[in-house]
Protein chains: 2
Amino acid sequence: MTGRRIRVLLAEDQGMMRGALALLLGMEDDIEVVAQVAAGDAILDAALAHRPDVALLDIELPGRSGLDAAADLRVRVPDCRVLILTTFGRPGYLRRAMEAGAAGFLVKDGPVEELAAAVRRVLAGETVVDPALATAALSAGPNPLTARESDALKASADGATVADIAARLHLSESTVRNYLSSAIGKTATRNRMEALREARRQGWL
Amino acid sequence: MTGRRIRVLLAEDQGMMRGALALLLGMEDDIEVVAQVAAGDAILDAALAHRPDVALLDIELPGRSGLDAAADLRVRVPDCRVLILTTFGRPGYLRRAMEAGAAGFLVKDGPVEELAAAVRRVLAGETVVDPALATAALSAGPNPLTARESDALKASADGATVADIAARLHLSESTVRNYLSSAIGKTATRNRMEALREARRQGWL
DNA sequence: GGCGGGCGATGACATATGTCCTGCCGCGGT
DNA sequence: ACCGCGGCAGGACATATGTCATCGCCCGCC
């Protein structure tokens with residue numbers, strides 16, 4: 001191993017997970033973790049400052065979604081390959097990751113050995129995706145929800161009432177009810193909580 | 001380090017996290033990971049088989065909660081010290097962990113270095129708890145919900161309707177509404193979803 | 001120019017939800 | 001023996017939610 005080591009940026013909000021992953025990757029003698037961030041809105045700055053070869057991004061992050069950050073990197077740091085690392089293998093997540101230009105998609109359920117291997121394969125130009133997940137994503141079809149329907153669903157989390165949602169979105173209550181109703185229809189569910197759950201499961205939010 | 005190494009049982013459902021923690025602990029030359037399990041209902045058997053000194057348990061596990069498993073260990077493997085490792089520092093979780101006889105309570109947000117240190121301190125007889133969390137747990141007071149109110153709340157997740165809950169709990173719909181209503185009152189919230197959220201936040205479920 | 005589709009809104013309506021009150025049982029304390 | 005409290009149930013009532021039909025506006029498309 002005479003060549004330059006692979007420079008990795010690590011974005012993960014859970015401290016223990018972040019530290020453990022950094023240590024693991026650091027133990028590989030061809031990999032070097034050059035930056036660690038805990039928030040999504042710190043990813044771009046860190047990438048600009050440290051010019052990593054691979055960015056390992058969680059999706060659920062405070063500040064900015066890892067998927068959105070991946071899109072940022074595509075534009076502002078095009079040489080950096082993006083590897084998404086997430087708890088949930090939601091079909092919609094994978095789809096959005098690919099649309100954002102990610103080079104790979106890993107679920108945290110897999111064995112640790114996968115991780116360093118995926119970093120190397122991604123850098124070598126391969127696209128790393130679990131085949132089963134890939135077929136699931138394709139068979140699931142695209143997100144049928146309109147932007148406002150998604151907004152209404154997101155805002156209806158935590159038991160917000162229709163009035164709350166209307167206030168948050170600056171809409172009339174009737175309009176909110178209509179959006180929720182159509183979201184319920186499109187998700188083939190019975191009420192907003194089920195619709196929210198299903199939309200999340202599909203990765204549509 | 002001439003003595004026998006500390007035998008650790010690791011219970012964590014997320015594969016990558018479990019593998020990373022096992023590797024980290026294994027790197028310490030006075031610690032040995034003798035068993036790894038991914039499900040809560042595998043903890044007791046593994047502990048009986050491997051007789052660990054310390055059991056490192058996640059709370060949210062498939063099969064059986066880490067807190068319940070801790071109570072099992074207290075009775076069936078009393079020599080094994082229990083260290084709870086969880087994503088959420090909910091006051092009620094800490095309270096229940098202590099009632100279940102846990103010797104320590106760690107949140108996954110902390111730095112990785114804490115982990116091995118906590119294992120050693122727990123084995124030395126110390127009780128390992130974040131002081132800020134401890135005071136929060138005490139000031140929060142005990143769980144005001146009755147068993148049935150908790151049941152009704154838990155069953156009301158995912159947008160289940162009153163009829164669904166009644167069926168799942170073998171109760172009349174009126175009874176379910178009464179339980180939910182009183183749970184809403186005790187949590188000082190406006191509807192079941194808020195009550196569910198608040199109860200979860202407090203660690204009452 | 002017509003058409004579809006998303007956005008925003010309204011009103012009417014049926015159903016679901018949450019509240020309150022009453023009542024019955026059993027249990028544990030005083 | 002009495003009381004309080006939790007479990008369980010029913011009824012009555014007000015409010016919240018979900019559905020549907022209808023409308024206007026704007027935009028992109030053929």
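A, B, ... follow the sequence lines: proteins, then strands. Residue 1 opens every chain.
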Margin query: Minimum heavy-atom separation for A:F105 and A:R90, please, with both atom names.
Written below: CZ-O, 4.5 Å
Next item on the list: Step through the shown structure and confirm whether more than 12 heavy atoms of other residues, nucleotides or ligands are within 6.0 Å of CZ on B:R190.
Entry: yes
Notebook entry, point to check: Could you give the OH-to-C1' distance, from B:Y179 to D:dG6, as a whole number of Å?
Noted result: 7 Å
Next item on the list: Might you confirm whether atom CZ of A:R74 has over 12 heavy atoms from other residues, nucleotides or ligands at distances under 6.0 Å?
Entry: no
Next item on the list: Measure from NE2 on B:H170 to C1' on D:dG7 and round the result to the nearest Å.
Entry: 16 Å
Check: More than 12 heavy atoms of other residues, nucleotides or ligands under 6.0 Å from CZ of B:R120: is that the case?
Finding: yes
Check: Counting only side-chain N and O atoms of B:R148, is one of them less than 4.0 Å from OP1 or OP2 of D:dG6?
Finding: no
Restricting both atoms to N or O, compile the protein contacts to nucleotides 10-20 of chain D shorter than 3.5 Å, with distance only.
{"unit_1": "D:dG10", "atom_1": "N7", "unit_2": "B:S174", "atom_2": "OG", "d": "3.4"}
{"unit_1": "D:dG10", "atom_1": "O6", "unit_2": "B:N178", "atom_2": "ND2", "d": "2.9"}
{"unit_1": "D:dT17", "atom_1": "OP1", "unit_2": "A:R192", "atom_2": "NH2", "d": "3.1"}
{"unit_1": "D:dT17", "atom_1": "OP2", "unit_2": "A:T161", "atom_2": "OG1", "d": "3.2"}
{"unit_1": "D:dT17", "atom_1": "OP2", "unit_2": "A:V162", "atom_2": "N", "d": "3.3"}
{"unit_1": "D:dT17", "atom_1": "O5'", "unit_2": "A:R192", "atom_2": "NH2", "d": "3.0"}
{"unit_1": "D:dT17", "atom_1": "O4", "unit_2": "A:R177", "atom_2": "NH2", "d": "3.4"}
{"unit_1": "D:dG18", "atom_1": "OP1", "unit_2": "A:R192", "atom_2": "N", "d": "3.1"}
{"unit_1": "D:dG18", "atom_1": "OP2", "unit_2": "A:R192", "atom_2": "NE", "d": "2.9"}
{"unit_1": "D:dG18", "atom_1": "OP2", "unit_2": "A:R192", "atom_2": "NH2", "d": "3.4"}
{"unit_1": "D:dG18", "atom_1": "N7", "unit_2": "A:R177", "atom_2": "NH2", "d": "3.3"}
{"unit_1": "D:dG18", "atom_1": "O6", "unit_2": "A:R177", "atom_2": "NH2", "d": "2.5"}
{"unit_1": "D:dT19", "atom_1": "OP2", "unit_2": "A:S181", "atom_2": "OG", "d": "2.8"}
{"unit_1": "D:dC20", "atom_1": "N4", "unit_2": "A:N178", "atom_2": "OD1", "d": "3.0"}

Checklist line | Nearest-Å distance for atom pair NZ/P, residues B:K186 and D:dC5 | finding: 11 Å
Next item on the list: For B:D58 and B:E12, work out which heavy atoms get closest and say how close.
Entry: OD2-OE1, 3.3 Å
Note to self: Take a 6.0 Å sphere around CZ of A:R7 and say whether it holds more than 12 heavy atoms from other residues, nucleotides or ligands.
What the structure shows: yes
